[in-house]
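The next block holds one structure in the form of structure tokens; read it before the comments.
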Amino acid sequence: MAALQSRRGSLLPICLAFVLVAGALPLLVQGEFVLFLSTQIAIYFLVALGLNLLCGYGGQISLGHGALFAIGAYATAISMVDYQLSFWIAAPIAIVLTAGAGALMALPAFRLSTWYFALITLGFANVIGGLLTELRGLTHGFAGIVGVPKPAVFGHTLIQAQLYWFLLAVCLLSFLAIRNLIQSRFGRALLGLHDHSVLVRGVGASLVNLKMQAFVISAALAGLAGSFMAVHKTVITPDDFPTDLSTFFLLVIVLGGMARLHGALVGTLIFFIVPEVLSALHDWRLLIYGTSLLLLILFAPSGVAGGIENLMRRRRAARSEPVIDEPLAKATLQPIQGAALEVSGVSKRFGGIAALTDVSLVLKPGDVHAVVGPNGSGKTTLLNLISGYYPLDGGHITIGGRDVIGKEAGHIARMGVRRTFQTPKLIPDLDVLENVMLGAFSDEHSSLLSIACGLPGARREAAAREAQAMHYLQFVGLHQRAHDPAGEVPHGQQRLVEIARALVGRPGLLLLDEPAAGLSLDELDGLAKLVHEIAGLGTTVIIVEHHLELVANLAHSVTVLDGGRILASGTPESVFNNENVMAAYMGKRALDGAKS
Ligand code: ADP
Ligand code: MG
């Protein structure tokens, strides 16, 4: 898995060496300052780690993480000082509180666009900042909370170095848990949440759940960091949480690398160590920051970690031998149970445009049905209605005998409907195989907790899914490309990847939107064979296609749309001999081609 796994593999030895060095620090360096600074860095790293999950991977820009961090710190400090609770009770309280605040923050994200949402989170941060001084009875106002004790284990109170080691262990475990999540179906879907939400719904994921999970996990990490902040500083005041703290965390992950596994670590280190190194140049610091950030955005838009990974990938690619095509036997795949489809009297308007009017269609399980018609005649709209992307204006649709009215696209996908898109939608940051695996999203049952902990059951399921995805990639003939970044695959092959992604969901109903568009003649041949084999698996197929020869060879029945209405329907023979159809759309020559 080139994309996500290179993020896993490439820097891992460096990371381990780093943890060892970081752990040895209190033994190597005398003096409070280095220990204090290292603890602070580790705490900020936890916040950045969670923020990278939400903003980097999930594309949800939060300017409120400084406030979540503050909530965690204050909840811990108040519980320990004013209520005499131990750290082991106070920290979970803080985490639950911040996770709850994160869930609240997620609510506007369901309705608002990214930047409006970012503004709301900024407002949230300001309100919390204000409350820290206003709610004097609880937070002690400007004086803050004094005398937060260090955690105690069996009556022994940890000293600063021990707290630091404990924190390092928590950082390492959190990092591994986030890494496991990122490399699971959760991480793959999360990467599509912002720019590819249509696709993510199409594989059966719920956008609401995904967002909520990302917010809660991200906020809980900020809360955990806050708990450590309280026991580390022992005195916390509103000054520890300035209003620009949230912006600072965002800068850290932009600098380190958004959606890069090591982005949070690299970003936090640079942000803290460079100023210390530059302390002699104090007056120039802002200028140096500004210039470096500009250069970074110009030359390494994926941050420092992203830049290093790209460099390593290029060097590896240059060194590796070209792949020799090893002919693999066509995978023998399990038959699929096709679903019946009934579309009856369906209409859809977009403002003044009647995209579909009174369209009906009945398919038996295993039928291959073609939809043809000129551009703008409503073909894609028909697929969008069947797969639940738009509500119907009239009529009804049943799939496998079950009504789909009012059901969300993710729900319909979970009923066994998969589709490809007229313009292929792949997540460019994932490799080809990972894109295919996304298609099985709704079939995976391991809980997020078991995935994060890397439990054997979750690992087994992930391995089985990967093998299955490889199987379908082999079926469409693209196994050699499994580990290429999807963004680098030629257009025609992207269509095949989409077909593999659809098939891995083992759909009872498969909708193909112009799969032949832009294919070369060779590729077209391959596609015809492929659709034949897909039909042979037993799934019901609707194929939107201009290529009449392909249609005549493949389809049991055809519907011709014109201006959103059915112009003709029936067997390919009867439809292509229909005078109206011939005269209006196909042109004599195309028809002769189809018949010969
Ligand atoms: P086809 O796939 O046959 O080329 P479409 O189904 O994409 O046609 O479009 C049918 C008509 O509906 C067109 O006039 C198109 O402009 C309109 N249409 C499709 N989707 C939308 C949308 N989301 N908003 C507004 N108009 C749309
Ligand atoms: Mg279309």
Side-chain angles (χ1 to χ4, degrees), residues 111 113 195-202 207 341 343-361 363 368-397 404-410 412-413 417-426 491-492 494-496 498-499 502 509-519 524 527 531 541-548 550-551 554-555 557-569 572 575-576 578 580-582 584-587 590:
R111 302 200 153 263
S113 71
D195 291 333
H196 295 83
S197 60
V198 167
L199 150 64
V200 170
R201 288 157 75 199
L207 297 185
L341 171 72
V343 174
S344 95
V346 158
S347 302
K348 181 70 194 173
R349 298 185 72 85
F350 294 106
I353 300 169
L356 283 181
T357 311
D358 195 22
V359 169
S360 300
L361 186 69
L363 300 185
V368 178
H369 185 82
V371 178
V372 298
N375 275 338
S377 57
K379 306 181 296 295
T380 299
T381 302
L382 179 61
L383 300 195
N384 280 335
L385 292 181
I386 295 172
S387 46
Y389 284 96
Y390 300 127
L392 306 180
D393 289 342
H396 72 265
I397 298 177
V404 302
I405 304 280
K407 293 204 168 77
E408 211 276 321
I412 294 178
V417 178
R418 286 290 187 281
R419 64 176 297 182
T420 65
F421 298 91
Q422 193 168 343
T423 319
K425 293 187 197 299
L426 300 181
H491 194 78
Q494 292 195 10
R495 292 192 179 283
L496 295 178
E498 278 215 319
I499 294 178
L509 176 63
L510 174 65
L511 313 172
L512 302 172
D513 200 349
E514 302 202 18
L519 295 197
L524 205 61
L527 179 76
V531 179
V541 181
I542 297 186
I543 178 169
V544 169
E545 197 40 78
H546 286 302
H547 212 272
L548 296 187
L550 195 68
V551 168
L554 287 173
S557 54
V558 182
T559 295
V560 184
L561 288 179
D562 175 31
R565 291 175 184 276
I566 293 185
L567 184 71
S569 65
V575 165
F576 294 154
N578 181 311
N580 288 339
V581 175
M582 230 162 44
Y585 300 104
M586 312 276 166

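What you see below is based on every heavy atom in this structure, not just the backbone, and it leaves out hydrogens, waters and symmetry mates. First listed ligand is number 1; within each ligand, the first listed atom is number 1.
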Atom indices of ligand 1, in the order listed, that fall short of 4.0 Å to a heavy atom of Ile353: 14 (O)
Donor-acceptor contact present, side-chain Lys379 to main-chain Pro374, <3.5 Å: yes
Minimal non-hydrogen separation, Ala516 against Leu550, with atom names: CB-CD2, 4.2 Å
Side-chain (His196) to main-chain (Lys425) donor-acceptor, under 3.5 angstrom: no
Backbone N/O of Ser347 and side chain of Thr357: donor-acceptor pair under 3.5 Å: no
Ala355: numbered ligand 1 atoms lying under 4.0 Å from its heavy atoms: 11 (C), 12 (O)
Numbered atoms of ligand 1 (with element) below 4.0 Å of Thr380, judged on heavy atoms: 1 (P), 2 (O), 6 (O), 7 (O)
Atoms in ligand 1 with a heavy atom of Thr381 nearer than 4.0 Å: 5 (P), 6 (O), 9 (O), 10 (C), 19 (C)
Minimum-distance protein heavy atom relative to atom 23 (N) of ligand 1: Tyr390 OH, 2.9 Å
Within-shell test, Gly373 vs ligand 1, heavy atom, strictly < 4.0 Å: no
Polar atom proximity, Phe350 to ligand 1 (N or O, under 3.5 Å): no
The Mg ion (ligand 2) to nearest N/O/S of Thr380 less than 2.8 Å: yes
Under 3.5 Å donor-acceptor, Ser344 side chain and Ser360 backbone: no
Under 2.8 Å: N/O/S of Thr381 next to the Mg ion (ligand 2): no
Leu561: which of Thr381, Leu567, Val359, Val544 passes side chain to side chain contact (heavy atoms under 4.5 Å, CB included): Val359
Protein non-hydrogen atom below 4.0 angstrom of atom 15 (C) of ligand 1 present: no
Stepwise side chain to side chain donor-acceptor pair (under 3.5 Å) test for Thr420 and Asp513: CA-CA 6 Å; Thr420 65; Asp513 200 349; over 6 Å; no
Shortest reach to atom 8 (O) of ligand 1 by a heavy atom, considering only Gly378, Pro374, Gly351: Gly378
Selection from Ala354, Gly563, Gly376 by shortest heavy-atom distance to atom 4 (O) of ligand 1: Gly376
Exam field: side chain Asp393 to backbone Arg349, donor-acceptor pair closer than 3.5 Å: yes
